[in-house]
Every structure is written in C-alpha cells, then in structure tokens.
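Structure first, then comments.
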There are 2 protein chains.
Amino acid sequence: MNLIDKNLLLDQNQEDRAQSIRDSLRDAIIDRRLGPGSKLAEAEVGGLFDVSRTVVRSALQMLAYEGLVRIERNRGAFVSNPTPEEARQVFDTRRLIEPGIVRAATVRISKADIDDLRDHLTLEDRFMNERGPAARRAEIKASGDFHLKIARHSGNAILEKFMDELVARSSLVIALYGRTGVSRCGHSEHRDLLDAMERGDADRACDLMLHHIDHIEADLDLREVAAMTLKDALAT
Amino acid sequence: MNLIDKNLLLDQNQEDRAQSIRDSLRDAIIDRRLGPGSKLAEAEVGGLFDVSRTVVRSALQMLAYEGLVRIERNRGAFVSNPTPEEARQVFDTRRLIEPGIVRAATVRISKADIDDLRDHLTLEDRFMNERGPAARRAEIKASGDFHLKIARHSGNAILEKFMDELVARSSLVIALYGRTGVSRCGHSEHRDLLDAMERGDADRACDLMLHHIDHIEADLDLREVAAMTLKDALAT
DNA sequence: TTGTATATTATTGTATGCAATATCTTCTGC
DNA sequence: GCAGAAGATATTGCATACAATAATATACAA
C-alpha cells in the first residue's frame, strides 16, 4: 500500500491533516490502487501517514459519509463494494442532476474557462493514446475531473459537492463493473458537449450530457449479482 | 441548552452514540432551539450527553459535512449562518432534484404508503391550527418530513441522503430568512401534490412540487445581506 | 478429520492528557 | 477614559492509554 503523497502532506503545513489524508485515500480508491473490499486499518493508515489513529479515524468517517468507505462497528473500515442496484442509483442520480449543472454552467461559463476545459480535453486525449494501467487510471481520473470542472462552473456549491460524491462513486462502480475500463467514445462526447456549451446551446448540451451518462452506464456489466458477491467474499 | 433526549440515547444501547448525538443536535438546529451562530463547545455538549469530547467531535464533524455546522480551526463549531446566496443555492438544488424524486415516487408508491402520507397531512394540519412557538416548530419539522417521506419512496438511497441534507439546510434558511415562519399555503399544496401522486399523474405532481418550492422560497426575505452580517457579528 | 470450546491476539471505541491556539482579563501608558 | 500589551484562562487538536469487541489460533472430543 504505497499511496502516500508526503509532499502534499508537508505542503499544507498543519492545515487539517485529516482532510489531506482523506484526499489521498480518495484518490487511491478512485484510482483503483485500493480496490473495493480492501480493509483500511486505522493503525496501518496512521503509520503510513505518520499520524495518530484519531486523525485517520476522522478521514475515514468523511469517506464513509460520501459512500466510498463502509464502516462496520468494531470491525473497521473497508473500501465500498457497491451493488449493481447502488450502481444504477448513482447513474440515475447523475442523469437527474448533471443536465441542470450543464445548463447553469453553459450560461455562466467564460471564454477563458472554456479554453481551460479544452486544455483538459487534450490531456484526456493524451492518456487515451498511452498504454498501460497507469495511463488507464489517469484516463478515468481525468474523465471524472471533466465533469467536476463543469460542476465547478455551475455557481452552486451544493451541487458541486453532490457531484464530487457522485463522480467518486462512479469511479468505484466503473472499477467494479466496467468492461473496457473506460468507454472509448467518452472523449469525443466530452468534446461535443463542450462545443455545445461554447455555442451557448444549453438544450443541446443537456441532451449530450444525458446520452453521455447513458453510454458510461451502458459500458458496465450490471448483471451478475451472485458472481459478484462470491468474488466479494473471496476478496476480503 | 436543554436539547437532550436521554431516552433516545439509552434506547439504542451502545449503538453508535455519535450518530444519536448528531441526530439530537440536528433536530435542535432545524427546530431552531439552537439558532444560527450558536457555539457548540465540545466539552459542553459532551457534558450534556455524558460522553467524552471524542464522540462529540465525531458528531460535529458529521454535521459540518452536511452543512448544518461550520467548524473553524482552533475556534470550534457553530451552527451555520447561511448567506442569502447559499439559501438560493439550496432552493435551486431542490428545484433540480425534487421533481425527479416525485416522479420516481409516483411510479413506485403503494396505496398503503399513500395512506401513511395522508395521515402525515392530518398531523401537519393539527400543528397548523395550534398556537405557540412549539407548534410552529413542529409544523416546520412536519413540513420537512413530508418531503423526506416522499424521497424515501423514490427507491434511490443517494437521492434520499441528498434530500436529508437539503431539507435540513432549508429549515436553517427558513429560520434565518423566513417571514411568516412557514408558508400558509404549504399544506394545501402538500395535499394537492399527494392527490396527483395517487392519480399517478407524475407530470402534474412534478409541476406542483416546483411551484411549491417556489412558494417556500418566495416566503423568504433574501435581500438584506449587510444587516445580516451585522446581526451575525453581534450574535456571537 | 472435523466440529466445538477456549485462550490468545489484534483492532476498534472511548476517555483522557498535553500542547497549541484563541479568548478574556488586567494593567500600563498616553 | 481609552488603546494596546501582557498575562491568565479556556478551548481545541492531537496523541495515547485503556476497555470492549471481534478475529484468530489452539486444544480437545467425537
């Protein structure tokens, strides 16, 4: 378990260490370096980050609140293992929320922000063309970040927080049920979406977003419940 | 500060005390027994509930995560004091989410559940006809619970959690910016909404929900920013 | 060998102690 | 009388100690 970013910890000198541990763990989870079911023992994590269990506990509780970690009393914290049903709920919720976010962002976004998003797209392209698992992880991360950046332009901090949670849960779900890792059409869809936003065509942008979410979900295999629970049992 | 529900604490024997403290505090906040800006000192709360600061801290962190409490480093936890802008974001988000919830609930809800909601409406009526601040508090609480019950029938646990947070934040906002306390037309609107759901008329139910949210927000006075920050400064 | 009971170990839940920070009080100089 | 500084007090942040619970290993009997 080599998931520490000591720089990051020393950087923000003394400013809420629990939060930075939460961020590191979160990255590790959505990057799949920590797979679903992994145990997160307080002492072990504390040792890695060189803090007491108190602060680790705080970080784990945050992750539990956003659904990335499941805490069982007297047993400890584990990376969540969402069921297919929970997976569907994640995407149902995204279908409900993201069109509204895109609509708000389309109205408010500036030219400079559009350019920033275009830069992000080229980054996604780069990862897409690279080989290897590290590139795959980076690709998934960047894909999620695209959605988060749009949410950040919605001008609504609550929606932004909700999207943080939904994107993180999505990554977990994709890690579990993804077929190809990440949908190949995803990036062109991002580009089309951004084009529509730049034109100020909110209706079109909403439509594209809905289809995009459909495509992500369609790339999952949410059937075999039984096989999954078995795998779960063995994975512990 | 007499907000303890010892029964409730003893009831659930040993099963996560932090959570039950969070619930008690949350009720106290949305009931306005703890007004915006109130300080929640760890030692004081711990004394009231007869637990150590450790577990109080955990409860406060949960409340901070759902936005009911603001934690300032080395200063402590305070009941949130949402700005008018944040208030608008709460209702914008509800307008985005609740129609989807109502639509899902309309499809899934059973006759028995409809009856349960009707019982809830008579409860709301009773509080509405009573006098005094206690009845007012109960009225606001019951009004929020109506929305939560509908969310519980959406079949989507994530949306349910989001609504928990949004309803709690709404109560806080109404406490701060409400004119008449609770909108007088609210209850007939609840009834109309439920009627539409019973008929299976999802479109109509969504429409009613949107207007209902508009009415709640219209009953607020979200203008005077300056006056509010002054009051805030004095309230400390 | 397998199943059960018991003892051992490991891990979490909670309380408490100490250091760091903020807040309040008092005092001094103007 | 008031502003500002210095000290006293209170409160939080974090680490640690101990108790409670679960997990594991061992021993024994069928």
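So you know, we letter chains A, B, ... as the sequences are listed, proteins then strands, and number each from 1.
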State which of dT12(C), dT12(D), dA15(D) makes the closest approach to the side chain of V51(A).
-> dA15(D)

Is there a donor-acceptor contact under 3.5 Å from the side chain of S24(A) to the main chain of S20(A)?
-> yes

Using atom CD1 of I21(B) as one end and atom C1' of dT14(C) as the other, report the distance to the nearest whole Å.
-> 11 Å

Sort me out a list of protein N/O and nucleotides 16-18 of chain C N/O pairs below 3.5 Å, or just none if empty.
| unit_1 | atom_1 | unit_2 | atom_2 | d |
| --- | --- | --- | --- | --- |
| dT16(C) | O4 | T54(B) | OG1 | 3.4 |
| dG17(C) | O6 | R53(B) | NH2 | 3.3 |

To the nearest Å, how far apart are E72(A) CD and dT21(D) C1'?
-> 14 Å

For E85(A), check salt bridge (charged side-chain N to carboxylate O under 4.0 Å, His left out) against everything at least two apart and list the hits.
-> R88(A)

Calculate the interatomic distance between N74(A) atom CG and dA23(D) atom P; express it in whole Å.
-> 9 Å

Protein-nucleotide distance (I71(B), atom CD1; dT11(D), atom C1'), rounded to Å | 14 Å

Measure all distances between protein nitrogen or oxygen atoms and nitrogen or oxygen atoms of nucleotides 6-9 of chain C, and list the pairs falling under 3.5 Å.
none

Find the distance R17(B):CZ to dA20(D):P and express it as a whole number of Å.
-> 11 Å

For D115(B), enumerate each residue passing the side-chain hydrogen bond (donor to acceptor under 3.5 Å, both in side chains) test, keeping only those at least two apart in sequence or located in another chain.
-> K111(B)

What integer distance in Å separates E42(B):CD from dT14(C):P?
-> 15 Å

Tell me, please, which residues at least two apart from E42(A) pass side-chain hydrogen bond (donor to acceptor under 3.5 Å, both in side chains).
-> R53(A), R57(A)

Taking only Lys NZ, Arg NE, NH1 and NH2, and the carboxylate oxygens of Asp or Glu, determine whether R95(B) and D214(B) approach each other closer than 4.0 Å.
-> yes

For S170(A), the side-chain hydrogen bond (donor to acceptor under 3.5 Å, both in side chains) test, sequence neighbours excluded, returns R94(A)

Listed partners of F91(B) passing ring-ring contact (aromatic ring centres under 6.0 Å, His included), at least two apart = none

Could you tell me the separation between the NZ atom of K39(B) and the C1' atom of dA22(C), rounded to a whole number of Å?
-> 9 Å

Would you mind listing every salt bridge (charged side-chain N to carboxylate O under 4.0 Å, His left out) that reaches into residues 165-177 of chain B, with sequence neighbours excluded?
-> K161(A)-E165(B), E165(B)-R169(B)

How would you list, by chain and number, every residue that makes a side-chain hydrogen bond (donor to acceptor under 3.5 Å, both in side chains) with D27(A), sequence neighbours excluded?
-> none

Atom-to-atom span, CD of Q61(A) to P of dT12(C) - whole angstrom | 13 Å

